[in-house]
Amino acid sequence: QSMLTQPPSASGTPGQRVTISCSGSSSNIGSNPVYWYQQVPGTAPKLLIYSNNRRPSGVPDRFSGSRSGASASLAISGLQSEDEADYYCVAWDDSQNGHVALGGGTKVTVL
Amino acid sequence: QVPLQESGPRLVKPSETLSLTCTVSVTGGPIDYFYWSWLRQSPGKGLEWIGNIFHSGSTYYNPSLKSRVTLAIDTSEKQFSLRVRSVTAADTAVYYCARGRSCDSKTCYDSHAWFGPWGRGTLVTVSS
């Protein structure tokens with residue numbers, strides 16, 4: 001299974017902007033849309049961003065996603081205490097007959 | 001009503017087969033319109049994708065697990081299932097089922113990386 005590369009941790013104070021990077025390759029992020037998931041400790045993950053930059057209904061607009069080449073990023077503007085969670089980037093990978101590639105997750109701490 | 005609900009034994013002995021079922025409720029959507037997925041998360045670790053299945057039998061598996069994993073679907077019961085053979089302690093994890101991308105008679109939408117909604121997850125421990 002291909003892995004996408006994320007920083008293990010990120011932090012900020014309430015109201016700050018935090019950005020999480022996700023690095024892949026031409027067979028995954030470089031040619032397929034990126035998805036982001038939020039997992040609050042003790043709960044199941046939740047879809048946060050789909051198709052690189054689209055938010056499902058109910059997701060606050062302080063969350064935004066972008067993709068450029070074989071990399072993507074998730075930005076949280078106006079950081080709030082409830083944003084403290086793990087964040088995962090995910091993309092389809094066209095290699096090995098196709099499979100899902102996941103990042104290792106980034107723990108966001110609100111200081 | 002919970003859209004998806006995992007069920008199955010919580011304790012499995014090493015070398016045996018882990019079996020889980022995910023039941024799709026009305027709020028989970030038509031079982032023949034979506035791919036359905038399994039993922040897992042070992043204690044304190046990140047997410048790991050196991051595989052996706054469509055009602056037609058189309059499946060995609062994690063290459064690293066493919067030799068030990070089988071997905072199946074029962075549209076009449078609105079359930080899909082996971083079997084992992086020859087388990088070891090490394091298979092101890094919270095197992096999640098999730099709804100995947102949608103497909104109609106002409107095309108599929110979004111990507112196989114779409115997972116949502118999710119079940120609440122069930123912890124399966126491999127131990128003698």
Side-chain angles (χ1 to χ4, degrees), chain A residues 1-9 20 22 24 27-29 31-59 65 67 72 85-107, chain B residues 2-6 22 28-29 34-54 58-69 71 90 93-103 108-123:
Chain A
Q1 178 180 351
S2 300
M3 288 289 292
L4 307 178
T5 302
Q6 297 179 235
S9 63
I20 301 169
C22 177
S27 63
N28 43 63
I29 295 178
S31 52
N32 293 290
V34 178
Y35 292 67
W36 291 89
Y37 295 84
Q38 177 193 56
Q39 185 178 32
V40 174
T43 69
K46 180 185 85 167
L47 179 63
L48 194 67
I49 297 288
Y50 68 99
S51 295
N52 303 319
N53 55 17
R54 303 185 69 178
R55 289 184 305 277
S57 61
V59 173
R67 180 185 73 165
D86 295 315
Y87 294 83
Y88 295 89
C89 60
V90 185
W92 182 249
D93 191 297
D94 295 323
S95 68
Q96 296 180 284
N97 295 315
H99 63 281
V100 171
L102 287 103
T106 299
K107 169 69 175 177
Chain B
V2 179
L4 292 88
Q5 179 67 60
E6 304 91 349
C22 184
F34 296 94
Y35 269 86
W36 302 94
S37 307
W38 288 97
L39 301 95
R40 70 181 184 180
Q41 187 169 36
S42 299
K45 304 293 185 181
L47 294 170
E48 181 178 29
W49 171 70
I50 300 172
N52 296 353
I53 187 168
F54 195 55
S58 171
T59 52
Y60 294 91
Y61 291 108
N62 182 329
S64 65
L65 297 171
K66 185 175 183 177
S67 64
R68 297 193 296 126
V69 169
L71 300 189
V94 175
Y95 286 76
Y96 295 100
C97 60
R99 193 177 77 186
R101 71 187 311 194
S102 58
C103 298
C108 289
Y109 305 92
D110 299 302
S111 157
H112 279 298
W114 174 294
F115 302 115
W118 295 62
R120 292 175 177 165
T122 186
L123 174 62

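Numbered from 1 within each chain, the chains take letters A, B, ... in sequence-line order. Predicted model, so just to flag it, every value in this text is computed and none were measured.
Separation of atoms CD (A:Q39) and OH (B:Y96) is listed at 4.5 Å; rounding is to 0.5 Å. Rounding to the nearest 0.5 angstrom, the gap separating the NZ atom in B:K66 from the CD atom in A:Q96 is 10.0 Å. Atoms CG and CZ, on B:D110 and A:R54 in that order, are 8.0 Å from each other to the nearest 0.5 Å.
Closest of all the heavy-atom pairs between B:K45 and A:Y88 is O-OH, 3.9 Å. In this structure, B:S111 and A:P33 approach most closely via the heavy-atom pair CB-CG, 4.0 Å. Between A:G98 and B:Y60, the shortest heavy-atom distance links the atoms O-CD2, 4.2 Å.
A distance-only check finds a donor-acceptor pair linking the side chain of A:Y37 to the backbone of B:F115 [under 3.5 Å].
Between A:W92 and B:H112, the two ring planes are tilted [angle within 30° to 60°].
With a 4.5 angstrom heavy-atom cutoff, A:P45 touches chain B via backbone and side-chain atoms both. Only the side chain of B:W118 comes within less than 4.5 Å of a heavy atom of chain A; its backbone N, CA, C and O stay farther away.
For the options A:N97, A:L47, A:V34, A:D86, heavy-atom pairs under 4.5 Å to chain B are most numerous at A:L47.
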